[in-house]
Every structure is written in C-alpha cells, then in structure tokens.
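First the structure, in the form of structure tokens, and then the observations on it.
Given the structure is predicted, the values throughout are model-derived calculations rather than measurements. Position 1 is the first residue of the sequence; numbering continues from there.
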Amino acid sequence: MYCVSSVFQTGMVGYPEALTDPSYKSQILTLTYPLIGNYGVPKDEDGEFGLSKWFESSKIHAAALIVGELSENPSHWSSAKSLDQWFREQGIPGLEGVDTRSLTKKIREKGTMLGKLVVEGTSANDIPFDNPDTRNLVKEVSMKEPKVFNPEGTVRITAIDCGIKYNQIRCFCQRGARVTVVPWDYPLDSNDFDGLFISNGPGNPEYCKETVENIRNVACVENPKPVFGICLGHQLLSLVIGAKTYKMKYGNRGHNQPCIHKGTNRCFITSQNHGFAVDPNTLPEAWDVLFTNANDKTSEGIVHNHKPLFSVQFHPEHMAGPTDLVGLFDVFLDTVKDAKEGKTGKTAFVRPRKVLVLGSGGLSIGQAGEFDYSGSQAIKALKGENIQTVLINPNIATVQTSKGLADKVYFLPITPEYVTQVIKNERPDGVLLTFGGQTALNCGVELTKQGVLEKYKVRVLGTPVASIEMTEDRKIFVEKMEEINEHVAPSEAAMSVEQAVAAAERLSYPVLVRSAFALGGLGSGFANNREEMITLVTQAFAHTSQVLVDKSLKGWKEIEYEVVRDAYDNCVTVCNMENIDPLGIHTGESIVVAPSQTLNDYEYNMLRNTAIKVIRHLGIVGECNIQYALNPESEQYYIIEVNARLSRSSALASKATGYPLAYVAAKLGLGIPLPMLKNSVTNSTTANFEPSLDYCVVKVPRWDLSKFLRVSTKIGSSMKSVGEVMAIGRSFEEAFQKALRMVDENCVGFDHTIKPVSEELQTPTDKRIFVLAAALHAGYTVERLYELTKIDHWFLHKMKNITDHEKLLEAYNRDESAMPPEVLRKAKQLGFSDKQIAQAVQSTELAVRKLRRDWKILPAVKQIDTVAAEWPAHTNYLYLTYHGLESDVVFEQPHVMVIGSGVYRIGSSVEFDWCAVGCIMELRKMGYKTIMVNYNPETVSTDYDMCDRLYFDEISFEVVMDIYEMENPEGIILSMGGQLPNNIAMSLHRQQCRILGTSPEFIDSAENRFKFSRMLDTIGISQYKDNSFYSTLRNTKDTLESAVGFCETVGYPCLVRPSYVLSGAAMNVAYSDSDLEKYLTNAVAVSKEHPVVISKFIQEAKEIDVDAVACDGVVIAIAVSEHVENAGVHSGDATLVTPPQDINQKTMERIKMIVYAIGQELQVTGPFNLQLIAKDDQLKVIECNVRVSRSFPFVSKTLGVDLVALATRVILGEEVEAVGLMKGIGIVPQFSFSRLAGADVVLGVEMTSTGEVACFGENRYEAYLKAMLSTGFKIPKKNILLTIGTYKSKSELLPTVQTLESLGYNLYASLGTADFYTEHGVMAVDWPFEEESDCPSKDKQRNIMDYLEENHFDLVVNLSMRNSGGRRLSSFVTKGYRTRRMAIDYSVPLITDIKCTKLFVQYHRLQNKSRFHVCHN
C-alpha cells in the first residue's frame, strides 16, 4: 500500500530505464503508451566502467507502475525476464487494465496529485496521504561515500550525486574524464576538480540547502572552474545565483519535448522528467536563458554571459529517449571553446508566387489514392500562404482536381513533353515534385536533365533534385552512406544480365533483384539459383536500365521511420513502424504496426539517430521515409532505402499519428522553419515535435487477386495490393482484428475457417494470416510457427490470445447468457465483433448485441491528439475502443453522418472518396455539422480537417450503429460511399435508423436482382433478360440441372450475376456446361443470401451508362455516357465517352423515358446509376444502383454540373432547379496487369481496373490518345505486331491495318493474321512463326517470343478469339495469352479491344493537324 504523488510519462519505449531513474523516487508512474513490457527486462550485467549496461541505477525507484496492458510473453533477444517477474523480485506493486488516457487527462487537468494504491479489503481511509514534496528525497537516493570511475581519465570531474543516472557518469567516462561521484552534502574544494557537474534528482530543490551552499563557495568567485548542471542540478545552480524556482502544475515528462536554442533558433527533441522549473524573470544580470520549451515556453536552460557556467532542465544523456543534445557533454568538456557554440547560416528564401504541382496520374497498384491525399494537402498548404497553384493531373476521379482546390487544373499526361508545354504557358516560379509518387518524381528528374526547369527559371521546392537522385540511384546512395559510416544491405547495381548474374554469385544466393527508379518494387523478386536469376533479370530490364542485386536478408525485422527536416536543419522523426511480416515482403504488402512493438529503447533511438543523420547528409527538405533491416538476434542493422518523396507509408504515418506530413512538407518547401509551424491538432504546441501515441495502429493491405485469371497469389518483394486499411485500438489484438474485418466485410476477424493449414506458412500469400489462424487453432506452438514464418514471437503470442479466447467462447455455445460478463468484455477488448462472438456461441449478432448492451459493455470514444493527452487537444479525430472507462468527447450537437467508401479495391477507388468528400463539403456549406466514418488512410475523406468529427473505424452494422446510438445524428447518408454502405442499409433500417435519401426498402428492390426484375415487368420496361433464370441458390443438384436446361433453351453464351455486389464480383460469361457449373459455385460463394441470375449474353451490343439525380422519384439531372468497347466489358473497365457520340435522338429520348420511369418507381431521392444495353435500336436495362458510381466524378467534371453537390441538397430536402439532360469529352481506365504475375489481360464483365484517367481533346480520338498516354502508353515508332482472332475482327480491322501501313509502320503478324492480310493486299507483313514442333525451318525463323523478349515491337494488337465478356476457364495457356502476358512483362504497349484499336489509329491519322490542346477548369 503506497501513498505518493502520481505522474505520467509519454515515452513509447524505455520503461526499464525510466523505472530505475532516481528522479521517480516515491512517485506512482503512469505510462501513457498502452502496451508495456513487450521486450521484457534484460539481465542486470555490468557494462563499461563497472556501470550497469541496461539500467540507470541499482534498483526500481518508482513507487508503483500503472499501465493499460502488460505483455505476458515478451519477445527480444536481450530479454531475461518479464516486467512482472522483475517487479515481484523487487517487491514493487503494479496495476494493469487501467484506462491510462482518462487518468492522464485527469492528472493534466488537476495537476500532479497525491495518490495511493490500496489492496482489496483494506479501508482507504486507514492509509494517510504522504506528500513526498515535504521530504528530502535527494538525501534518500544519494550515495553515502565518494566513488571514483575511470581513474585513468585525464580531465577531473567531480559529480554531485543528487540522484545521478548511470548514463551521466558513462557519458563523461567515454569522453576520457576521471569522474569522482560525491554525496549530495559533500564539502567541495575547487583544487580537487577541473570541472563540477551537478546531477538530476527527485523532489523539491529547496530542500538541498547544504548542496546550494557548497556550490556557492566554488561557483560564485572571480574565476570559477566550469560548472554544468542537469535537471535538478539546473534548479540548484539557479538557486546558487539567486534566481527562483517554482512547482509546475504538472511538469514535463516524456521523450519528445521540443526545446529551442536561443541564438540559433534550432529546435531539439529532448527527454525530460521534472516537476519544478526556474523562473527566467528572476535571473540576475550577466545570466541568460539558453533553451526554451517550444510548447509551454518554460525555461529549459541558463548560461552565464562570460563565465563557464551553464545548466539545462532536460536530460541530454537520454536513456531513455533521444540523444539530440548529448553533445553538451562535449561542450562542457571543451569549455576551452566558447560555451555559446552554434552555427547560424541563414539562407535567404524567396517566396514563389505561382507553384506547379505534379499529380500522380492514373491510380495503379503501386500508387493509389495516397497521392491524391498528399497532393490535396500540398495545395491546401500553398493556398494558406496565398500562393497561386497550377496542378497537372489527368486523373479525373481525384479530389485534388475538383473545383475550388487548385487555381488551375490541366488534365494532361504527366510526361516531360506536356509538362514543358504547361510551364511555357503558365510560367510558374516553383514546382513540387514529391507529391505525385514515382510518376511525378521521374518526370521532374527528366525535366531537370533536359534543362527545362533552368531555362524557364522554375525552382524545385523542398528536396533538391540532386538529393532525389542520390536516393534513387543505388550506386550513388551506397557511396553517400559510406561517407557517414552507415551500412546499406550488401548489394550491387548491374546494367546487363551477365553483370547481374555475376553479382549474384559474388553475393551468394538467395538474392533479391530490384529495378532502380521503380515504384512499389516493380519487376522485383527473389532468386535462389542461376536459372531463376536469369528469368527475373531479363524481365526487370524491360522496365529499367539498371537492376539492383541485394543480399537476401529474409527473416530480419523491417522497420521504417518517417522523417521531417526543414531548410534550417531542424529534424524530427514523426512515426516509426514495424512490419509484422519479416523482410522479404514489400512494405506495401506487409501487415504493419505503428509504433514498433518489439524494439527496446536503445534500438529505437539508434535507428532514430541514424535516420536523422542520413537525412541531414542527403540534404532532404520536407518529408521522406527510411527503411531498415534489423537483425532479430542483435543490434546489427542495414539501411534498405530512403524515399525522398511522400509514399504510401507517409499517408499511413500521417493518419496513424495525426501529424499531417504532406501539409508540413509543402510548407517547409517554401522555406518556413519547422518550429514556426503549429501542431494542427493541439493548435497550441509546435509542429517541431515527435508525436507520442497512446494507442496501437495496424495496417493491413487489400489484395484483389481473385479478380485476375491465372495470377500468382504469392506475395513478396513486388507490390500487388490495391489498397490498405488502418485500424486503431488500445491493444494489438483489438486493432488487428478490426483491420482484418475492414479489409473484407465478409470476414469476421482472425478466422481459422477461411483457409486450412498448408505450406502457405512458409511461402506467404494474400491469405497467409488466416492460415496462421488455422495453425494456431490446430494447436501449432508459437515456437514452431516462428520457425516457419519468422514472424516475431510477440505478435504470434498476441494472435494466440485471440485463438485461445475463441475456444473459451465456444464453450458457451449452448446458452450465451451463461457466459460471464467478463468473458464477453475480454472478447470485445481482444477485438471480437458481435458477429464473431455470435458465430462462436452459435447465436445471432443481434442477440449478442442485446446481451452486451444489457451488461453495459459499450465502446468508449477516444481522440488521437499526437501528444498522448499531455496537452489539451481540440481534435475531432476519433476511434472506438473497449479499453476505456469514459469517452473523450461529449455528444451535444446534432450532426449529419456520411459513410465513406472503405478500402480501395478493384471497383471501388478514389471516385467514391471524391463523392464522399464532395458530400461533406456541400453539407458544411449548407451549415450542417458533419460526421465521417471511414478507415482508409489513403483518402482525403479521412483527413481530419474535412469534417467536424472523423470516426476512423469500421464500416459495419455494429460500429455504425454504436456511433449512431452515441451521436444520435440527424440522419445517415449511405449513397456516397459506393457498395459498402448500401450493404448495411437494411440492417440499419430495421433498427429504426434515420437513413437520408432513398428508402432502404427501395435500395433493396434495386439491389436484389429478383425484386428488380419483377419491378421492371410491372412498369413494362424490357430488361436484359430473355427469360432470365433465377435461383436463390442453395447449390443443390436440381438447381444446376435446371440452370443447364435453361442455358440450352436460350443457347450459350450466358451471363451469371449474383446480387448485392460491387464491380461485378463473380460475374462471368459461360460458353459451355462446364463453365456454367464452375461460375455458379463462385457466384454462390459471393452472395449466399441473395439470388443469382442467369441470362442470355448479348454479343456485340453497345453499353450505355446513365448517372442521374432524383428527388422523391422525380429525375432532375441525367448524364449519359457510352462505352467504346462492346458490351461484355464491365463499365468500370470500359473506355467511356461523354457526351455520347453514337446515340441517335430517338434512342436518347427512349433512355430518358426509362430513367424517369425507374426513378419514379424506386422513389429515388439522391444519386442513382443505370446500365443499359442497346442493340438494333432496342434498349434493355441491365441493372440499377441506388448510389453514386465510378463515373460520377467523370461526368460532373466533364459536363460542369456537380452531381454530388446536387444530390446532397436533394437528400437534405432543399429545393433545387432541374438540370435535365446534361451535355458537355474521354475516359480511359488504368490497368495494373504489369504488377500481377500471370494475370491474363483480356477484360471481362468483372471489373479489374484500379483507377482511371480522363483527358479532354477537340474530338474523341485526341482525348482517347491523351488518356492512354497518361496510363503509361507509349506511341509506337516503327514495329507493330498484330495477332487477331476471329475472321470477323480481321475483316473489320482491314481499313485500319491499311492506314497503319500507309503511315509507314513495319507490320508483323502471327500466321493466320498474316495470311488474311497478304490476301487483301497489305504487303508489309513479315511473319515469324510461333514455335511449332512440326516446323522444320524452326532454326532459321525467329519466333514472336524472341522478338518480344528483345523489345522489338513498339505496340502489340492482340484480339482474342472470345473477346466478349467471357474469360477462358481452361487452364491451358493459349498462345494469345502468352503473347499478351509477355507484352506486359516486357513493358510493350498492348491493345486488346477492336474498338480501341480503331480509335487509336484514327487519331494517329488526324494527328498531323494539331499537336497540343489544354483544358482549363
């Protein structure tokens, strides 16, 4: 039973050091970071100079410890025991399971308080409060006899022990001093020393009267010997010279306190622990302030103007914490030099007036929405400084290209030619290159090389191009690292296949091959032997001129730091992250946790210091990230790489810490010093700080590999994920399970039923985490799993906690009410969802929910405030947790709740984010308070200054309902986030939620294919049906037989479609009975509870997309777009043109009629989207979505009416003017086939594109070509390969091929194609055979494959035999597939659609008329 003062400390590492720090004597210590004890406690061994290697004194000085969660199974090579064992040995009490955030806020508001820990059964009144401030604590901790360390030292230092930390002695000894440590009241004689040091210590400085007198005798003389004080020593020196000290309300305790050095204005991050401070206004003449705290402006150091006397309030000797100012020990020991050292090289910065921002172009698998987020942040930052902005970005679906952000937008490809034209037109005086991913970076480097930037006097803001090249060119990077004695993983750069193979042999297999200048590890992989090496390298050289061969460090930990540096050399690390998967898997593919969980204080700060040293040496200004490989068995590390631009992890770090990296980086690029910028979350403290987190963040990538045929599901060093989610919790398990559900709404959490145990444990795939769950469930030990996966024991133990608890829940499967409330509460704290608990106890989600509410097991709402509650925060950035007693926010004002789009996946990407952001902005304009619910770190909607409250949490019935019940909003808008919010419409409706817009009953009528079909029949609109066959499949044999019967009646091909899905998941065209059987099983898996439809597939028809907005069923705006490709390509993959070019007036009237009728019947209020099919003047309805679609941003921007703003006004019941039919030019989807090994490139009815770009042209041909260029397409120079499947396609393309010949191209073709065209008089065809075994002249003829490997062709036109919606199911690899795949693997432009080929050639013919056309918005 203890009764002492209680304080908190915000460091995220360093508990062994803090607990043994004598300054914590008689204090109950609360650690704000919730997961403590992860790396255990090392054994107490002596290091150099006979001082303990790991601890700061001989025992624990804190009276007691309070934490959120104590780690039972620590994992670290240095760990000898758990924290719990250490406390038992030392007889110190500890308390876990406390809501430490609430406690911290209480201490912060009330000031340091007296506290007591009372054992159960004792009356609290029996134990009196004991105030340690009334005792002389220094006397209690100081040594009794003098002791000498490092007797051979040359400089004699006497150190007064007021509670000295071992590391202070060590810092002197390492610098060659002989240190005599003397007791606190020891009489001093200046003949005994060359310098006097006064240490830190606990309690009130007023009690050390003897010490003050002794110091006065040697310091207040004419020529004193140098004196240096730290912490309490600083306060004592102040008392010696007659200044005053005072007790602070709370004090400063943590590892991230920013201190500004007077004179140079440089800001340093320091470690602190004190409750008293010096009043700078009482300093006598001849004394000055040395450092000031950048947050609360208290004095952090004093210095005499000409005598060698100085002291600091912080701990430059660190342990735990950063070592930024450990150099003060050198300053003290070199007092020969002037004590007022400090470099000031102020560079005059000219503010630019107009800045060009390069966007990222189409979204693809290595660069997705995170660059939309970073670009829009940069534009906001520039606008805040009144600087004109010009943006180039062809991606129409992005928020940054919206009205009102940039002053001017050019929808143009980001290629040096086009950018040069814009620079000519606009004459900007600055350009930002680091906000558009690799595309923008490469373009900027190219423009610099060509001398364009110099010619037009455009200055690169932020990181100079020279620094960018240092990080991008491997060889230079390695040399730069050697200059500062840092080590990069052994690797060699090679320019040819031979060089690469030789390098691999020198480094010894296995090796990692990567291409230089590529994003997301494009063209990289592991090679275990010479054969694999040759294949890999040959492919890599298609993308790049230089490949890197690295020694494989598979199995090491991968750690990442985000670093920010300004032009004045102020430098901070904002976030450190640890990959759960060991090295060998690309960071973008890995599950990542922030902050790191298994590093101790020494490793954390060793890597932090290295990061700062490297960034300074490279001269980076703004933001960058550095990745390390850390040996799990020692302190050995290698630097993997530095990214001198914002990357996907910067978007993650911004959202994980609440520190807006892109915004700050843009401001720093303008030459604003970091300490001048405010922390946008607290609004009171400086941005020159390192966030402390009091929660844990888990990021999980989302792969959509099942959408591609024949794609390899293995994940490795190349990035295949399309999006990622981030989950926040106060325990690892809570965040981890949340994240798994966010990635896929059909997954209930860490589920062992998804995938059985297999060899996937060793070779990671996109589903490996569920294989781990199955293995734990099957009883694999943590040790065995570590051997197989090399995932740190700590994480495996945490996963085991989940599995163990699930087994406990399963014991209550007879009657869930028999389960003790504690078991349910524990399940919620381990991140179990109601549905997951229901599954374990064999009940229903609603029953579990009711039970939970009856037992008052409810989530608390916590803020993310970057400072772990140390400062008051006005933040609206929130998450839910079950590890909390109370919420950080009050629920008083009514808001409107908007549900975001969730994870980016194929089919739901930045378009839906654009819609959600548009909706929030419109609501704010109308004067409503808004709530956003979304969990995607790459989006603009999860930027906390977009809305009034941001809930960074799951979009599921359970969570949305929890938020709804707490906030009681005016209503929920579901129609702006794509498919995900629509899926929970009915469940919310059944709980009487106010859903704004179209009624959920009508949403269901449109989504449910059977109800929709019945409705169309009622109103007499013909549908895409030809007597469709419905079945609410329970996959019985009869169903299959009747399905086959139906297909035979109407004749193949037939289309199979499930209900309630996005982007045509599991939609397929069946050409035979065996296809049908396979597709039906797929469709059932995707939509278990809803019907599946089979209908006749219409070949060669035209598809039409209609986006509309209605009010109570009355349509007020319609936009029609047509597809360039024939029907059978999903509308998200198709090339759209608006206004439509080939629809006659009669058809147009008929389309309007259908839209009006359906809008009326479904009583739509808000946005909806219709897909129609037209053939021989007949229109049929395919489907209707009562929500925004991918084409909303496209038509809104092209036709100049913001449909989302319109829909938002309608949903909230405002009167708006009808717009009618909108007439406004092309859009091309961006595919990522080059990322996905083995994926077939033919498009089908299920969506596979990852993003899109739009360009405007004078006619559709020009618009189409510009859009193609933006997706990385290159215009062919001389050789074109044609392989065309059907006879019909060949004849249809004949005029086109003749045009190509007249344009002077060399045409090559495969056998059949060549025969056909030679017959029709196209003479220029040369036809190399494909390898045929019966071909005797095989040796003489080169085959197509060889030509492709040598990059002989500039363009491949490949039209497959069945290019109309169907994808071959047969697993044999066709020649066509091999051609398409190789074209992609070797970066050769490829066109696989007949209509696109015609558009492309047509434009080529017209091209000599005009070269360049710009559209302003």
Side-chain angles (χ1 to χ4, degrees), residues 343 345-358 360 371 374-375 378 381-382 385 387 392 414 416 419-420 423 428-481 483-484 486 516-517 519 562-572 611-626 639 641-647 650 661-674:
K343 298 191 285 288
K346 286 208 171 72
T347 41
F349 239 87
V350 188
R351 294 288 283 277
R353 49 174 186 86
K354 185 191 257 188
V355 174
L356 178 64
V357 182
L358 297 188
S360 63
F371 297 115
S374 56
L382 295 172
E385 299 292 330
I387 292 170
I392 305 186
I414 296 166
V419 176
T420 308
I423 290 175
D429 43 9
V431 59
L432 287 173
L433 306 176
T434 48
F435 295 85
Q438 198 71 36
T439 318
L441 207 56
N442 290 353
C443 181
V445 171
E446 197 47 50
L447 288 168
T448 313
K449 281 186 184 151
Q450 294 174 8
V452 174
L453 298 181
E454 202 179 347
K455 179 178 166 190
Y456 294 105
K457 299 191 175 47
V458 182
R459 197 171 80 233
V460 174
L461 302 178
T463 305
V465 173
S467 303
I468 293 176
E469 288 189 291
M470 283 175 207
T471 61
E472 292 281 316
D473 186 315
R474 200 61 191 175
K475 200 162 152 298
I476 306 175
F477 182 64
V478 173
E479 286 161 10
K480 292 302 280 182
M481 291 303 97
E483 289 170 16
I484 51 170
E486 286 297 342
F517 293 102
L519 181 96
E562 296 292 327
V563 190
V564 169
R565 176 177 175 271
D566 68 9
Y568 309 97
D569 214 20
N570 293 309
C571 201
V572 293
I612 290 177
K613 180 163 114 186
V614 168
I615 295 337
R616 286 187 166 147
H617 186 63
L618 292 170
I620 288 168
V621 174
E623 191 275 345
C624 66
N625 70 334
I626 178 166
I639 295 171
E641 64 177 353
V642 170
N643 272 323
R645 58 176 171 77
L646 286 116
S647 58
S650 345
L661 284 166
Y663 182 80
V664 170
K667 293 269 196 188
L668 300 181
L670 298 172
I672 301 173
L674 192 54

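Closest heavy-atom contact between C571 and R565: SG-CB, 3.8 Å. In terms of heavy-atom proximity, P352 sits nearest to L670 at CG-CD2, 3.7 Å. Of all heavy-atom pairs between A666 and A378, the closest is CB-CA, 3.8 Å. The two residues I414 and A440 come nearest to each other via the heavy atoms CG2-CA, 4.4 Å. The shortest heavy-atom contact between F477 and T471 is CD1-CA, 4.1 Å. Between A644 and T434 the shortest heavy-atom distance is O-CG2, 3.2 Å.
Residue E454 qualifies as open at atom CD: its count of foreign heavy atoms under 6.0 Å is 12 or below.
Contact check on E483 versus K480 returns a salt bridge, with a Lys/Arg side-chain nitrogen under 4.0 Å from an Asp/Glu carboxylate oxygen.
Contact check for I423 versus V431: no side-chain heavy atoms found under the 4.5 Å cut-off. L618 has its side chain within reach of M481: a pair of non-hydrogen atoms, C-beta onward, lies under 4.5 Å apart. Using a 4.5 Å heavy-atom threshold, the side chains of E562 and L661 count as touching. M470 is not listed as a side-chain neighbour of H617, based on a closest heavy-atom distance of 4.5 Å or more. At least one side-chain heavy atom of I615 sits less than 4.5 Å from a side-chain heavy atom of C624. A heavy-atom distance below 4.5 Å is found between the side chains of V460 and L453. Using a 4.5 Å heavy-atom cutoff, the side chains of V614 and I484 are in contact. Residues V419 and V452 form no side-chain contact, since every pair of their non-hydrogen atoms from C-beta on lies 4.5 Å or further apart.
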**Message:** If you apply the rule side-chain contact (heavy atoms from CB on, under 4.5 Å), what do you find for E385 with I672, and how did you get there?
**Reply:** CA-CA 10 Å; E385 299 292 330; I672 301 173; 3.6 Å; yes
**Message:** Set out, in order, the CA-CA distance, both residues' side-chain angles and the distance that settles side-chain contact (heavy atoms from CB on, under 4.5 Å) for I468 and T448, then state yes or no.
**Reply:** CA-CA 11 Å; I468 293 176; T448 313; over 6 Å; no
**Message:** Could you go through T420 and L447, starting from their C-alpha distance and side-chain angles, then the distance that decides it, and tell me whether this counts as side-chain contact (heavy atoms from CB on, under 4.5 Å)?
**Reply:** CA-CA 8 Å; T420 308; L447 288 168; 3.5 Å; yes
**Item:** Trace of the side-chain contact (heavy atoms from CB on, under 4.5 Å) decision for L441 with L358
**Value:** CA-CA 9 Å; L441 207 56; L358 297 188; over 6 Å; no
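Contacts of K613 classified as side chain to side chain donor-acceptor pair (under 3.5 Å), with partners at least two apart in sequence or in another chain: E486.
Between the N643 side chain and the R645 main chain, no donor and acceptor come within less than 3.5 Å of each other. Y568 places a side-chain N or O within 3.5 Å of a backbone atom of G671 that can act as its donor or acceptor partner. Here the side chain of D429 pairs a donor or acceptor atom with the backbone of R353 at under 3.5 angstrom.
Separating the OG1 atom in T463 from the CD atom in E623 is a distance of 9.0 Å, to the nearest 0.5 Å. To the nearest 0.5 angstrom, F435 atom CZ is 7.5 Å from L382 atom CG.
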